[in-house]
Amino acid sequence: MAAATSINAVPCSAGRPKRRSQRRGASTVAVRASGDASIRRRFDATAVTLLDYGAGNVRSVRNAIRHLGFGIRDVRSPEDILAADRLVFPGVGAFGSAMDVLTRSGMADALREYIRRDRPFLGICLGLQLLFDSSEENGPISGLGVIPGVVRRFDSSKGLIVPHIGWNALEITKDTQLLKGAEGHHVYFVHSYHALPSDENKEWISSVCNYGESFISSISMGNIQAVQFHPEKSGATGLSILKNFLSPNSSGSKVPSRRKASNLAKRVIACLDVRSNDSGDLVVTKGDQYDVRDHSSSKEVRNLGKPVDLASQYYIDGADEVSFLNITGFRDFPLGDLPMLEVLRCASEKVFVPLTVGGGIRDFTDANGRYYSSLEVASEYFRSGADKISIGSDAVFAAEAYLQTGVKTGKSSLEQISRVYGNQAVVVSIDPRRVYVKNPEEVQFKTVKVSNKGPLGEEYAWYQCTVSGGRDSRPIGAYELAKAVEELGAGEILLNCIDCDGQGCGFDIDLVKMVSDAVTIPVIASSGAGTVEHFSEVFEKTNASAALAAGIFHRKEVPISAVKEHLVDAGVEVRV
């Protein structure tokens, strides 16, 4: 059982606000600190108040704040908001759910009053959107009404990929302390809704970003700041922005950039397949067409390194995201996999780019008869540091049921998690195998004319999906699965190919093009990368938003820096 393994990782240790002079009251918040009174006083002097209303991954914001040398007070009541010296509000999830929680708890009125007093405030992502009058997300739904304007969804009918996921450039329109040093750099966005500039709110805008149209990426008025992007997931640039808010009197730091950011970058993702080896240690491994054991006489699980060590190094090397795949998670109870949860917690303290985790996310009943919903499983992953979760087998079964009945039950793991955390937090991992046919009419599934003929001269193929780590084939094609999971709430597709896995011969361009042309959500190309040219090929020939690799990074055959340098030379926008 995975739960018995020992972790083999690095240890964790209403209009313009008016300034008003006011004596601050004493906070009644319990400070998360230990030690004697002198330590607590020093902690209080650097403490930041964090409004966490219980949706999504706020651990990343906590880790970033602590990484910068600040302590954290948690909001427990509306009075804690009014007593704050500095307030960070990392809004996550759906607009309506957040406003409902804030209103019922009395925190909405406290936020409005705190902002009216022009106290230091930083909203992140949904924390920016909630400042506006209303949102069309499952609405209209009223917001805090601080800034004039309506939050609207990106229009995918015009060919735009939604959600807007990835590293995009800022156009700074107002000189502010918060964005000092950010000019020319990419920052990380993940959202489906946005606020548009208007004559009524133009005085608030400090930067805009272009994605199909120009939208508000940050606001600034007095001490009130908010950003649509995630500074805690924007690498060194994001940490610098957070430091500008937390230490407004500091000089700030200019993050070097070899190339000025201009638009949405293609992402290079490092993937870590994690499982226990025969000694019980949690290791990063890599398969050859999904077989992770050496072909030598020992037949041992390939051990390519320690999960947290590798994730930390890939962050330093410039990976745009890090993905953990618990490749035996389909066998066991995921919440019993304490080492994997600990890997996430430790990695999120060192890695300030998005973390995705997948493997075994489904409904489960343990040996004691206790039922756990997939939502509970995902929630634990989010609390442990994941920004996105990846669903594999369970999404296949949900898609099959949906295609058979045409009914969205709302009960599948995909639907439940997407509804609570937003579709941008849900990745569906598709594991297909190529099946050659002589004539497309031989099968009911979408076929493509392949670039390389099959063993019997076949010119066409369809891609049969599998479950349980590629062990079991299902009667559904990759095209049909991708279309179905988009309908059910997936925000992104991780597109693997069993035939190409570990071969180093390049991504399956036929497969990636077929799927990326069929859906309006981002597609991550996976399986087969062996050279830097394979990355530029998949970006030039398909609509993939990102490309993922594992073995070539683990074995140091191709460094991430070499991939990005090649992409720059090939004219592909990347974060450097």
Side-chain angles (χ1 to χ4, degrees), residues 14-15 17 51-58 87-112 114-116 121-158 160-165 168 189-221 224-230 415 417-426 489 491 520-521:
L51 176 51
D52 174 7
Y53 60 95
N57 174 22
V58 178
L87 181 64
V88 176
F89 179 25
V92 184
F95 191 102
S97 299
M99 278 306 302
D100 183 55
V101 171
L102 294 174
T103 301
R104 285 190 289 106
S105 64
M107 292 182 186
D109 287 337
L111 273 172
R112 293 187 184 98
Y114 182 89
I115 291 170
R116 188 187 70 80
F121 172 87
L122 177 62
I124 297 174
C125 195
L126 188 61
L128 175 142
Q129 295 181 12
L130 291 167
L131 298 176
F132 285 82
D133 287 330
S134 64
S135 172
E136 294 180 349
E137 184 179 4
N138 299 320
I141 296 172
S142 296
L144 293 171
V146 174
I147 304 175
V150 178
V151 175
R152 294 187 168 90
R153 193 178 192 275
F154 287 111
D155 188 358
S156 60
S157 68
K158 298 179 179 179
L160 207 60
I161 294 174
V162 181
H164 173 215
I165 296 180
N168 212 332
F189 291 87
V190 52
H191 59 122
S192 298
Y193 290 80
H194 63 293
L196 292 174
S198 68
D199 290 340
E200 289 74 22
N201 59 37
K202 63 183 179 182
E203 291 185 359
W204 283 88
I205 301 171
S206 57
S207 74
V208 294
C209 178
N210 187 273
Y211 189 63
E213 60 185 339
S214 183
F215 67 89
I216 298 172
S217 50
S218 66
I219 61 95
S220 177
M221 183 78 78
I224 310 306
Q225 319 280 338
V227 295
Q228 179 61 70
F229 56 90
H230 286 266
E415 293 167 281
I417 299 166
S418 175
R419 182 171 59 250
V420 174
Y421 291 103
N423 69 335
Q424 74 282 346
V426 182
T520 62
I521 57 179

Enquirer: Between atom CZ of Phe121 and atom CG of Leu87, what is the distance when rounded to the nearest 0.5 Å?
Expert: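 If I round to the nearest 0.5 Å, the distance is 6.0 Å.
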Enquirer: Search all heavy atoms of Leu111 against all heavy atoms of Leu144 and return the closest pair with its distance.
Expert: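 Scanning both residues, the minimum pair turns out to be CD1-CD1, 4.1 Å.
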Enquirer: Taking all non-hydrogen atoms of both residues into account, name the closest pair between Pro90 and Val88 and its distance.
Expert: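 Distance-wise, the nearest heavy atoms are CD-O, 3.4 Å.
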Enquirer: Between the main-chain N or O of Val208 and the side-chain N or O of Ser217, is there a donor-acceptor pair closer than 3.5 Å?
Expert: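 Between the backbone of Val208 and the side chain of Ser217 there is a qualifying donor-acceptor contact (under 3.5 Å).
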Enquirer: Filter on salt bridge (charged side-chain N to carboxylate O under 4.0 Å, His left out), then keep only pairs touching residues 98-111, sequence neighbours left out; what's left?
Expert: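 Residue pairs passing salt bridge (charged side-chain N to carboxylate O under 4.0 Å, His left out), neighbours aside: Asp100-Arg104, Asp109-Arg112.
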Enquirer: Is any side-chain heavy atom of Asn423 closer than 4.5 Å to a side-chain heavy atom of Pro163?
Expert: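 Asn423 reaches Pro163 side chain to side chain.
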Enquirer: With ring centroids as reference points, do Phe189 and Phe215 lie under 6.0 angstrom apart?
Expert: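 They qualify: ring centres under 6.0 Å apart.
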Enquirer: For Gln225, which residues count as a side chain to side chain donor-acceptor pair (under 3.5 Å) partner, sequence neighbours excluded?
Expert: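 Side chain to side chain donor-acceptor pair (under 3.5 Å) list for Gln225, sorted by chain: Ser220.
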Enquirer: For Ser218, enumerate each residue passing the side chain to side chain donor-acceptor pair (under 3.5 Å) test, keeping only those at least two apart in sequence or located in another chain.
Expert: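 Counting only residues at least two positions away or on another chain, Ser218 forms a side chain to side chain donor-acceptor pair (under 3.5 Å) with Ser206, Ser207.
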Enquirer: Take the angle between the ring planes of Tyr211 and His164 and call it parallel below 30°, perpendicular above 60°, tilted in between.
Expert: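 Parallel, since the angle between the ring planes stays under 30°.
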Enquirer: List in chain and number order the residues that pass side chain to side chain donor-acceptor pair (under 3.5 Å) with Asn201, two or more places apart in sequence or in another chain; answer none if no residue qualifies.
Expert: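 Applying side chain to side chain donor-acceptor pair (under 3.5 Å) to Asn201 gives Ser198.
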Enquirer: Is the His194-Phe154 ring centre distance short of 6.0 angstrom?
Expert: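 His194 vs Phe154: aromatic centres under 6.0 Å.
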Enquirer: Does anything in residues 122-133 pair up under salt bridge (charged side-chain N to carboxylate O under 4.0 Å, His left out), and if so which pairs, sequence neighbours excluded?
Expert: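 Pairs touching residues 122-133 that pass the test: none.
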Enquirer: Does Ser105 have any side chain to side chain contact (heavy atoms under 4.5 Å, CB included) partners at least two apart in sequence or in another chain, and if so, which?
Expert: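 Partners of Ser105 by the side chain to side chain contact (heavy atoms under 4.5 Å, CB included) criterion, ordered by chain and then number, come out as Met107.
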Enquirer: Are the aromatic ring centres of Phe229 and His191 under 6.0 angstrom apart?
Expert: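 For Phe229 and His191, the ring centres are not under 6.0 Å apart.
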Enquirer: Under 3.5 Å, side-chain donor or acceptor atoms of residues 123-132 against the rest of the protein: list the pairs with distances, not counting sequence neighbours.
Expert:
| unit_1 | atom_1 | unit_2 | atom_2 | d |
| --- | --- | --- | --- | --- |
| Gln129 | NE2 | Tyr193 | O | 2.9 |
| Gln129 | NE2 | Gln228 | OE1 | 3.1 |

Enquirer: Is the shortest heavy-atom distance from the side chain of Leu51 to the side chain of Leu102 under 4.5 Å?
Expert: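 Result yes, sub-4.5 Å side-chain heavy-atom pair found.
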Enquirer: Could you tell me which residues satisfy salt bridge (Lys or Arg N to Asp or Glu O under 4.0 Å) with Arg419, sequence neighbours excluded, listed by chain and number?
Expert: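 Result, salt bridge (Lys or Arg N to Asp or Glu O under 4.0 Å) vs Arg419: none returned.
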Enquirer: Can you list the residues that meet the side chain to side chain contact (heavy atoms under 4.5 Å, CB included) rule with Ser156, with sequence neighbours excluded?
Expert: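 Side chain to side chain contact (heavy atoms under 4.5 Å, CB included) list for Ser156, sorted by chain: Arg153, Val162, Thr520.
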Enquirer: With a 3.5 Å distance limit and no angle check, can you tell me whether Gln424 reaches the backbone of Tyr421 through a side-chain donor-acceptor pair?
Expert: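 Yes; at least one donor-acceptor contact below 3.5 Å.
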Enquirer: I'd like to check the salt bridge (Lys or Arg N to Asp or Glu O under 4.0 Å) partners of Glu136; sequence neighbours left out, ordered by chain and number.
Expert: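 Partners of Glu136 under the salt bridge (Lys or Arg N to Asp or Glu O under 4.0 Å) test: Arg152.
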Enquirer: For Asp155, which residues count as a side chain to side chain contact (heavy atoms under 4.5 Å, CB included) partner, sequence neighbours excluded?
Expert: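 Only Ser157, Lys158 meet the side chain to side chain contact (heavy atoms under 4.5 Å, CB included) criterion with Asp155.
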Enquirer: Please collect all ring pair (Phe, Tyr, Trp, His ring centres under 6.0 Å) contacts where either partner lies in residues 92-112, sequence neighbours excluded, each pair once.
Expert: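 The answer is none; no pair qualifies.
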